[in-house]
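Convention: sequence-line order gives letters A, B, ...; per-chain numbering from 1. Here the structure is a predicted model, which means the values were calculated and not measured.
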Protein chains: 2
Amino acid sequence: MTHTARRPTRRPLSRERVLEAAVRLADTSGLDAVSMRRLGTDLGVEAMSLYHHVSGKEALLDAMVEHVGAELNAEIAAHEAAGAPDPAKDWRAALRARALAARVVMLRHPWMPSVLESRTEMSLEVVRYFDGVVAILMAGGFGHDLTHHALHALGSRVIGFTQELFDPGDGEDTSEEVLAQMAQVVPNLMAMLADVAHTDGPEQTLGWCDDQTEFEFGLDVTLDGLERRRELRG
Amino acid sequence: MTHTARRPTRRPLSRERVLEAAVRLADTSGLDAVSMRRLGTDLGVEAMSLYHHVSGKEALLDAMVEHVGAELNAEIAAHEAAGAPDPAKDWRAALRARALAARVVMLRHPWMPSVLESRTEMSLEVVRYFDGVVAILMAGGFGHDLTHHALHALGSRVIGFTQELFDPGDGEDTSEEVLAQMAQVVPNLMAMLADVAHTDGPEQTLGWCDDQTEFEFGLDVTLDGLERRRELRG
DNA sequence: ACCTGAACACCGTTCAAGT
DNA sequence: ACCTGAACACCGTTCAAGT
């Protein structure tokens, strides 16, 4: 065995390599693990070397969003090539398909929602995604004004996620005593939870509780409400 | 003038005083300013003294949420005492009024949404708020199952905010050149923006772009969609 | 019981120095 | 041009010591 084979081949660092490593690190170990120092270690390099490829931590996060945004648009393009609903015929189906396709990408990167929301400058790739959403709504007969309102009403759902408020909780450590106490303080909520008893098997979560069924329900409710507005104004 | 008057009266630190200072600090200087050291300085005390009243940074954030949650429920109670819509007669009006009342509190604490979403354990006061939401939906004729779905569909809107994806941007530094370039890449979006041209005056923002008009539009769209589901199933 | 100061293990970032 | 190491100014938190 040679000497050169022993030490890991040190490809020169590149912006692309930095971003791939950062996204992978966030995917596997969570966003908190993404520090300049840790990222440097993963790449076999000093943290300070990263500054030759990204101007700082914030720029790194911007670039990570852009990286996933590109993945997102590639996914959408693939869907469209494979035959997607025609927005002029059925805007609802077209938008629904787009949101669900986006969701697949988002589920691969659970840290994306929170980083996306923390950005002060917005990603060109993500804007491009929204441009496609606008195109669908306009083709569906929404005016500019209603399209604008619709974007706000749909919020993050149109890009495949909803940032839920609570982790539903594992329910493992909730003793009978605690449950009885809760029933006193929040009786309506407890009665509801006892009745619905989530038994849908393993849920796909994105950040917090946000399973597929609830995501689609919320999306459809919003699409229904928008369709009504369109009929009224259109 | 006496000596005792000169140095700031040093009331003994209490949990309440710590929480009030933390909330005020977050309100005025943003969440990033809330560090144990900075908070200690504000209270005229070493950072380590705080650990006698909160067990750590995470516990402090939990307690801040609980503090605002209490303010939220007090606001709701005041609204109800002043005469709120009867949910049995008009669940829509009752829920709408509750969400808008909650929003007033949220606007006083723009950091609340992000902290709320980052909590792993949920606040009793906030849960109490949701218990009231469940009560309204049940009184309005939703079953337990539909009430559960409705909570997911409404998401954070029911507690007075939507976490918008983008800051609309000041538009101050967007040159003609950049606009022309954008029109190439995202033509649909640019056409829409040119048409709607936000001129509603100063917008109330909560975190990101989330003005009152858009908030109410999104809320009403969701309420419409839910009412339809209720009619179908009820 | 309540508060302190030093210390530890982390951050992001600057800067002068190496090759 | 690319990478390094020491240094700076911050974190949260532990722990032994003070009153």
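Here dC11(C) presents its C1' atom at 14 Å from CG of Leu31(A), a figure rounded to the nearest Å. Here dG12(D) presents its P atom at 12 Å from CZ of Arg38(B), a figure rounded to the nearest Å. Here dC2(D) presents its C1' atom at 15 Å from CG of Leu43(A), a figure rounded to the nearest Å. The CD atom of Glu58(A) sits 14 Å away from the C1' atom of dC11(C) (whole-angstrom rounding). To the nearest angstrom, C1' of dA16(C) lies 16 Å from CD of Glu46(A). Atom P of nucleotide dG12(D) and atom NE2 of His52(B) are separated by 17 Å, given to the nearest angstrom. The distance from atom CZ of Arg15(B) to atom P of dA1(C) is 18 Å, rounded to the nearest whole Å. Here dC10(C) presents its C1' atom at 16 Å from CG of Leu39(A), a figure rounded to the nearest Å.
In this structure, of dT13(C), dC11(D), dT4(C), it is dT4(C) that holds the atom nearest to the side chain of Val45(B). Minimum atom distance to the side chain of Met48(B) is reached by dA7(C), of the listed dA7(C), dT14(C), dG12(D). Minimum atom distance to the side chain of His53(A) is reached by dC3(D), of the listed dC3(D), dG12(D), dC3(C). The side chain of Lys57(B) sits closest to dT13(D) out of dT4(C), dT4(D), dT13(D). Between dC3(C), dG12(D), dC3(D), one nucleotide has an atom nearer to the side chain of Leu13(A) than all others, and that is dC3(D). Comparing dC3(D), dG12(C), dC11(D) by their closest approach to the side chain of Ser35(B) singles out dC11(D).
Between Ser49(A) and dC2(D) there is no side-chain N or O to OP1 or OP2 distance below 4.0 Å. When the side-chain nitrogen and oxygen atoms of Tyr51(B) are compared with OP1 and OP2 of dT14(D), none of them lie within a distance under 4.0 Å.
Between Asp62(A) and Arg119(A), at least one side-chain nitrogen of the basic residue sits less than 4.0 Å from a carboxylate oxygen of the acidic one, meeting the salt-bridge criterion.
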Chi angles and distances behind the side-chain hydrogen bond (donor to acceptor under 3.5 Å, both in side chains) call for His152(A), His148(A): CA-CA 7 Å; His152(A) 280 280; His148(A) 174 237; 3.3 Å; yes
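Within the 4.5 Å cutoff, the side chain of Leu50(A) has no heavy atoms near those of the Leu60(A) side chain.
In this structure, Arg157(A) contributes its side chain and Ala153(B) its backbone to a donor-acceptor pair below 3.5 Å.
Between His67(A) and the choices His109(A), Glu16(A), Glu125(A), the side-chain hydrogen bond (donor to acceptor under 3.5 Å, both in side chains) rule is met once, by Glu16(A).
Across all strands shown, dA16(C) is found opposite dT4(D) as a Watson-Crick or G-U wobble partner, with both distances under 3.5 Å.
When heavy atoms are screened at a 4.0 angstrom cut-off, Met36(A) is found touching the sugar-phosphate backbone but no base atom.
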